[in-house]
Amino acid sequence: MIISKSFKYQLRLNKEQESFSNQTAGSCRYVWNRGLALKKEAWEERKERISRFDLDNLLTEWKKEHDWLSIPPSQSLQQVNKDLDQAFKNFFQGRGYPRFKKKGINDSFRLPQGITLKEQLSKKVGQVQLPKLGIVRFTKTREINGRIKYVTISKSCKDWFISFNCEVDMPPPEEIPQSQIGIDRGITTFAQCSNREAIPGISPLKKNLKRLAKLQRQLSRKKRFSSNWRKTKQRIQKLHYHIANLRGDFLHKASTQLAKSHSLIVMEDLKTKDMAKSAKGTKESPGTNVKAKSSLNRSILDQGWHTFQNYLSYKLNWRGARLILIPPKNTSLRCRICHHISKENRISQEVFQCQNCGHTENAHLNASINILAAGHAVIACGVEALASTAKQELLIRRPRF
Ligand SMILES: [Zn+2]
């Protein structure tokens with residue numbers, strides 16, 4: 001099976017390369033924001049869609065207006081149009097609305113062609129030739145495998161990074177373990193498995209939240225754009241980066257471990273982004289209890305459930321195993337022994353006690369066993385049968401490649 005994998009390294013740019021990269025990222029941001037504004041207006045006011053082809057034609061016009069748009073590699077700017085097109089396709093499929101880009105936040109650009117790896121300078125220093133940038137050096141912490149499809153150059157807290165996106169041919173796994181589990185996701189326990197194993201949460205954001213709040217208070221007292229303001233701003237960005245790394249590491253380790261050990265994993269299809277949105281409500285109908293909900297939402301997002309689901313899905317697919325998502329209906333209120341459903345069964349966040357048969361156990365464990373059973377029902381009845389009889393939306397994750 002061919003899978004895509006990325007390999008990320010810190011770049012060692014010289015002054016010229018750095019200023020060129022800043023300029024290119026800036027031009028890409030300009031093209032994104034201008035294209036987005038046009039697409040937004042066309043859709044919101046006239047329900048029209050501007051195609052990628054139209055955007056590429058417009059780009060030629062914009063280059064006549066601004067000489068500086070001819071400096072970066074034109075393939076990078078065309079990639080922006082491609083990404084914008086994809087972002088709108090995602091939006092029309094019900095995922096979030098594309099956002100405008102701000103300077104200094106996720107500055108990046110992509111190069112799909114003209115990438116040649118060169119001989120390494122030393123054991124730790126790799127070299128790659130890129131269009132217009134010439135030969136750039138990077139700290140090589142591990143080998144690059146597979147065929148390079150494109151590279152992304154990105155900036156984070158003054159440091160530049162290169163990510164090689166490669167196609168890797170994965171050999172089929174020797175043996176798929178026969179174990180099947182259900183997982184209940186929670187706040188204090190990150191994942192409770194139906195086989196009684198549990199993965200505690202790490203909440204990296206929570207641990208660093210006090211520090212973050214302190215820095216943000218400091219920032220608000222400083223004069224905007226002064227040198228002290230910039231310094232504090234940079235420290236905040238560094239902290240965000242640190243938190244993201246901790247969380248990414250944790251999610252990778254947990255998902256790898258689970259994907260290695262099971263042939264089927266069943267989880268609830270929790271739309272965490274919707275949950276986060278609903279707390280705030282809208283202008284017309286503001287949400288109730290916003291503060292408490294937003295703190296819960298922060299922990300949900302902090303745990304990175306959505307990312308975890310994605311990691312788990314592709315890692316299981318690599319191994320020929322699968323992830324099934326079931327609708328989260330009554331899984332935490334139903335007794336797994338007698339199937340009695342009641343709100344009173346959940347006597348606390350952690351404890352489940354059936355009001356019908358008296359069965360008592362950890363609430364998350366009870367839920368995880370129900371989740372596994374729901375997954376088995378899906379396999380036995382087939383997706384259509386269950387979807388039409390229960391009239392519930394059902395999702396089965398399929399490999400993306
Ligand atoms: Zn019961």
Side-chain angles (χ1 to χ4, degrees), residues 177-201 203 254-255 257-259 261-272 274-275 278-279 288-289 292-293 296-297 299-300 303 305-306 308-309 312-313 316 321-397:
Q178 284 312 301
S179 155
Q180 307 190 335
I181 55 160
I183 293 180
D184 183 46
R185 294 177 269 190
I187 305 282
T188 43
T189 304
F190 176 76
Q192 172 65 53
C193 307
S194 56
N195 63 357
R196 294 178 187 272
E197 283 171 13
I199 303 171
S203 300
S255 55
Q257 190 51 43
L258 286 165
S261 333
H262 307 286
S263 62
L264 174 77
I265 294 180
V266 187
M267 288 198 307
E268 287 172 319
D269 183 23
L270 300 173
K271 295 200 166 64
T272 50
D274 294 347
M275 288 162 78
S278 64
T288 49
N289 206 7
K293 275 187 196 163
L296 171 73
N297 292 332
S299 355
I300 292 170
Q303 299 277 9
W305 284 345
H306 193 72
F308 178 70
Q309 195 171 296
L312 200 54
S313 164
L316 283 165
R322 64 174 168 160
L323 173 71
I324 291 185
L325 297 178
I326 55 129
K329 207 180 175 196
N330 293 333
T331 45
S332 57
L333 304 180
R334 180 188 285 119
C335 168
R336 71 175 173 93
I337 305 292
C338 74
H339 307 304
H340 173 67
I341 299 170
S342 167
K343 269 189 183 161
E344 276 91 58
N345 286 349
R346 190 78 182 266
I347 57 173
S348 76
Q349 194 64 22
E350 298 301 317
V351 182
F352 182 93
Q353 191 177 56
C354 179
Q355 302 303 304
N356 183 42
C357 75
H359 168 67
T360 308
E361 78 183 333
N362 176 289
H364 298 294
L365 181 62
N366 176 72
S368 69
I369 295 169
N370 282 333
I371 290 168
L372 178 62
H376 283 154
V378 170
I379 295 168
C381 310
V383 186
E384 285 78 25
L386 196 124
S388 59
T389 52
K391 285 187 182 162
Q392 283 168 329
E393 185 201 353
L394 202 106
L395 272 163
I396 292 194
R397 288 241 148 194

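Just follow the structure's listing: the first ligand is 1, and inside any ligand the first atom is 1. All figures in this text were calculated on a predicted structure; none of them were measured in a lab.
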- Query: Hey, is the main chain of Q355 close enough, under 3.5 Å, to the side chain of N345 for a donor-acceptor pair?
  - Reply: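 Between the backbone of Q355 and the side chain of N345 there is a qualifying donor-acceptor contact (under 3.5 Å).
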- Task: Might you point out which heavy atoms bring P177 and H262 nearest each other, and give the distance in Å?
- Result: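 Closest approach of P177 to H262, heavy atoms only: CG-N, 3.7 Å.
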- Less than 4.5 Å apart, any side-chain heavy atom of I379 and any of L264?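 A side-chain contact under 4.5 Å exists here.
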- Query: Atom CZ of R336 and atom CG of N370: how far apart are they, to the nearest 0.5 Å?
  - Reply: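 Nearest 0.5 Å value for the CZ-CG distance: 8.5 Å.
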Quick check on the Zn ion (ligand 1): does [X] put an N/O/S atom closer than 2.8 Å to it?
X	result
C335	yes
H340	no
H359	no

